[in-house]
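We count residues from 1, following the sequence as given.
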Amino acid sequence: MTDITTKTAPVDADWWRGAVIYQIYPRSFQDSNGDGIGDIPGIIERLGHVRDLGADCIWLSPFFTSPMLDFGYDVSDYCNVDPMFGTLGDFDRLIQTAHSMGLKVMIDLVLSHTSSHHPWFKESRVSRDNDRANWYVWADAKPDGSPPNNWLSIFGGPAWEWDGERMQYYLHNFLIEQPDLNFHEPAVQDALLDVARFWLDRGVDGFRLDTVNFYVHDKHLRDNPPLFPEERNDKTAPAVNPYNFQNHLFSKTQPENLEFLKKLRAVMDQYPAITSVGEVGESQRGTEVQAEYTSGGDKLHMCYDFAFLSNAFPSGLHVDTVMEDFDRIATDGWACWAFSNHDVIRHRSRWGLSPEHARVATAMMMSLRGTVCIYQGEELGFTEADVSFEDLQDPYGKRFWPKFKGRDGCRTPMAWVSDNANGGFTEGTPWLPVAPEHVSASMAAQQADAGSMLAFYRQLIAFRKTLPALLKGSFVPVAAEETFLSFIRDHDGEQIFCAFNLSETPRQVSLPDGDWAQVDGAPFASTFTVGGITLPPYQAAFAVRKAA
């Protein structure tokens, strides 16, 4: 176990502002033992790739003990590693190896619910008066036997399941086998704070908090009101899911959650340089929730909602609106932006981006005020894999097939080499098929190609780190159109003008007033003239204001 007192001092407690976080989905990163499932020793084996990419931190999706009905997001033991991924000793070795490479380690904490296999739930369901009877959200049936209210599960159907042992319904916002913890019970909060301490003591540098706004439910179990069709969107659930038909005023995002987040922050603040990023699944007022959860310096460090994880195309106008809303509402908050993750269609496929368009869009995201998450394979230009129904693993996809094919298409294994069918991921049979198009675009295939997507990501991240204004500066909009965006980032007197041509047509860009010079090292082609820039199709330009 890593002793927190041995961490190098002085520590930059602000390292997370403007950091690049690389998300690893452990099942699909690297298999070390031939069972077809990625594991912690495999992650250790491939950490050099993340270091060479230039990322600052890795985020590990869940690796805890679990029956794997939701692939680790159904936890049955918060303080252990599932044997399919390795051991606690392997995890300690991962921490040590990552730190030796200069990489921070964040882990995915799933606190809103557990697995129905968790000992806490097994005890809670036995009776209504045992020590953990109130640790989950239990409620009596209505007189006609129906569920207590109209709340819906994100995975489809009612959010309530009848338990014949306890003769009550229990709440599950996700799978039936994922009962929700009752955060109105102080003992539950204390137990979860102890979970955070356990992993902080082992040396983790922070937490990604799954479904952070689902922690607390309305004590009175009031019905959610409906949403009119014109009010609905697919930011939290796919369009085929009736979950979108409700305004979830009472099943999540309750004000009492803020007090728990303050307690969690107080625990994190006892350790050096810890950070947190909360996943806000909130379709109606995501930015407002981000503002609440990150304000005041006493709750979360940062949040991301689904602004760029939804189907909404990242046009210049859309991105400008997102940034304007965030700066107006979350005045002292900090955002974390992402285009792809383990829950959504990979962004190149979701938005139909060519490689050139994907590059300039990524540069735009990495130039916004905030921290950035990139998802494994994104740096190789991976598109969504086509997974047949016969190979499908995701229960969400099985429920809504074929209109929604689930999340397996973004979770297929990484391809490291191009000379075998499994891309070097495993010597066995992979848990999901490796996409042939990913094998041909493997890490090894791109490694020596200066024009590859991998080379672009490496150059872009390195370029970003040379400019403090891009990491931590303020955001000042300049111009926004459907296919164009420009803004200024300003930090401690350093001003960087950023311009992005999101179209296939060249355009002339006027520089703001002042004396500007081109910034060297950007991975784009542009021509600077007196007072302006010629931007070729799908290119970006960066200029620095010269000191007076």
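Within 6.0 Å of CD on E427 lie no more than 12 heavy atoms contributed by other residues, nucleotides or ligands. Under a cut-off of 6.0 angstrom, the local environment of NZ in K104 is crowded, with over 12 non-hydrogen atoms contributed by other residues, nucleotides or ligands. Around atom CD of Q447, more than 12 heavy atoms belonging to other residues, nucleotides or ligands sit under 6.0 Å away.
Between D12 and A273 the shortest heavy-atom distance is O-CB, 3.8 Å. Closest non-hydrogen pair, C79 versus F198, comes out as O-CZ, 3.5 Å. Between L502 and G316, the closest heavy-atom pair is CD1-N, 3.6 Å. For the pair D82 and F64, the tightest heavy-atom approach, listed with the atom from each and the gap, is CB-O, 3.4 Å. Taking each heavy atom of F313 and L353 in turn, the nearest pair found is CE1-CD2, 3.8 Å. The two atoms that bring R125 and K122 nearest to each other are CG-O, 3.4 Å, heavy atoms only.
L300 is not listed as a side-chain neighbour of R265, based on a closest heavy-atom distance of 4.5 Å or more. Side-chain atoms of V50 and M101, non-hydrogen and from C-beta on, never get closer than 4.5 Å to each other. Taking 4.5 Å as the limit, every side-chain heavy atom of W334 sits out of range of all side-chain heavy atoms of H301. Between Y304 and T371 the shortest side-chain heavy-atom distance does not fall below 4.5 Å. For the pair I21/M302, a side-chain contact is recorded, criterion being any heavy-atom separation below 4.5 Å from C-beta on. At least one side-chain heavy atom of N257 sits under 4.5 Å from a side-chain heavy atom of Y293. With a 4.5 Å cut-off on side-chain heavy atoms, L264 and L193 count as touching.
When atom types are taken as modelled, the side chain of E379 and the backbone of L454 share no donor-acceptor pair closer than 3.5 angstrom. No donor-acceptor distance shorter than 3.5 angstrom exists from the side chain of D90 to the backbone of P41, with no hydrogens or angles considered. R208 contributes no side-chain N or O that, together with a main-chain N or O of D108, makes up a donor-acceptor pair within less than 3.5 Å. Under a 3.5 Å cut-off, the side chain of Q30 and the backbone N or O of I43 do not form any donor-acceptor pair. Judged by distance alone, with hydrogens and angles left aside, the side-chain atoms of D31 form a donor-acceptor pair with the main-chain N or O of N33 at under 3.5 Å. Y136 places no side-chain N or O within donor-acceptor distance of the main-chain N or O of H113, the cut-off being under 3.5 Å. In terms of modelled atom types and a separation under 3.5 Å, the side chain of Y22 and the main chain of L53 share no donor-acceptor contact. Judged purely by atom type and a 3.5 angstrom limit, W16 has no side-chain atom pairing as donor or acceptor with the backbone of I274. Without hydrogens or angle criteria, D408 side chain to Q393 main chain gives a donor-acceptor distance under 3.5 Å. Side chain of S76 to backbone of T65: a donor-acceptor contact under 3.5 angstrom is found.
A distance of 6.0 Å separates CD of Q376 from CE of M414, quoted to the nearest 0.5 Å. With values rounded to the nearest 0.5 angstrom, I44 atom CD1 is found 10.0 Å from I95 atom CD1. Between atom CG of residue D180 and atom CD of residue Q178 there is a gap of 9.0 Å, rounded to the nearest 0.5 Å. Annotation: the span from L368 atom CG to C336 atom SG amounts to 11.5 Å, rounded to 0.5 Å. Here F174 contributes atom CZ and I154 contributes atom CD1; the two are 4.0 Å apart, rounded to the nearest 0.5 Å. Taking CD1 of I345 as the reference point, atom CG of L309 lies at 12.0 Å (rounded to 0.5 Å).
Salt bridge annotation for D92-R202: present, with a cationic side-chain nitrogen under 4.0 angstrom from a carboxylate oxygen. A salt bridge does not link E378 to R346: none of the charged side-chain nitrogens sits closer than 4.0 Å to a carboxylate oxygen.
Applying the salt bridge (Lys or Arg N to Asp or Glu O under 4.0 Å) test to D325 and every residue at least two apart in sequence or in another chain returns R328. Legend: residues meeting side-chain hydrogen bond (donor to acceptor under 3.5 Å, both in side chains) with S340, ordered by chain and number and at least two apart, are H347. A search for side-chain hydrogen bond (donor to acceptor under 3.5 Å, both in side chains) contacts involving W120 returns nothing, not counting sequence neighbours. Residues passing the salt bridge (Lys or Arg N to Asp or Glu O under 4.0 Å) test with R197 are D194, sequence neighbours excluded. With sequence neighbours left out, the salt bridge (Lys or Arg N to Asp or Glu O under 4.0 Å) criterion links R407 to D70, D343, D394. Among residues two or more places apart in sequence or in another chain, the salt bridge (Lys or Arg N to Asp or Glu O under 4.0 Å) test is passed with R285 by E292.
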Could you go step by step and tell me if N241 and L152 meet the side chain to side chain contact (heavy atoms under 4.5 Å, CB included) rule?
CA-CA 10 Å; N241 192 341; L152 296 174; over 6 Å; no
Dump the intermediate steps for side-chain hydrogen bond (donor to acceptor under 3.5 Å, both in side chains) on Y25 and N341, then the final yes or no.
CA-CA 9 Å; Y25 193 67; N341 68 15; over 6 Å; no
N173/K252 under side chain to side chain contact (heavy atoms under 4.5 Å, CB included): CA gap, chis, key distance, verdict
CA-CA 9 Å; N173 275 300; K252 61 182 179 181; 5.8 Å; no
Dump the intermediate steps for ring pair (Phe, Tyr, Trp, His ring centres under 6.0 Å) on W199 and F91, then the final yes or no.
CA-CA 10 Å; W199 293 105; F91 180 82; 5.0 Å; yes
Candidate pair S418 and S442, rule side-chain hydrogen bond (donor to acceptor under 3.5 Å, both in side chains), full reasoning
CA-CA 6 Å; S418 302; S442 70; 2.6 Å; yes
Test log, rule side chain to side chain contact (heavy atoms under 4.5 Å, CB included), inputs H248 and T253:
CA-CA 8 Å; H248 301 274; T253 320; over 6 Å; no
Does the pair R411 and R27 meet the rule for a side chain to side chain contact (heavy atoms under 4.5 Å, CB included), with working shown?
CA-CA 8 Å; R411 296 178 175 183; R27 293 180 72 91; over 6 Å; no
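Aromatic ring centres of F155 and F400: separated by at least 6.0 Å. Close placement of the Y215 and F260 rings is indicated, their centers lying within 6.0 Å of each other. A centroid separation of less than 6.0 Å is found between the aromatic rings of W351 and F339. Residues H49 and W416 bring their aromatic ring centres within 6.0 Å.
Side-chain atoms of D74 and S115 include no donor-acceptor pair closer than 3.5 Å. For the residue pair W431/S28, the side-chain donor-acceptor check at 3.5 Å is satisfied.
Each of Y73, W401, F404, F71 was compared with Y396 under the ring pair (Phe, Tyr, Trp, His ring centres under 6.0 Å) criterion, and only F404 meets it.
For the pair R348 and F382, the cation does not sit on the ring face, since its NZ or CZ is not both under 6.0 Å from the ring centre and inside 45° of the axis.
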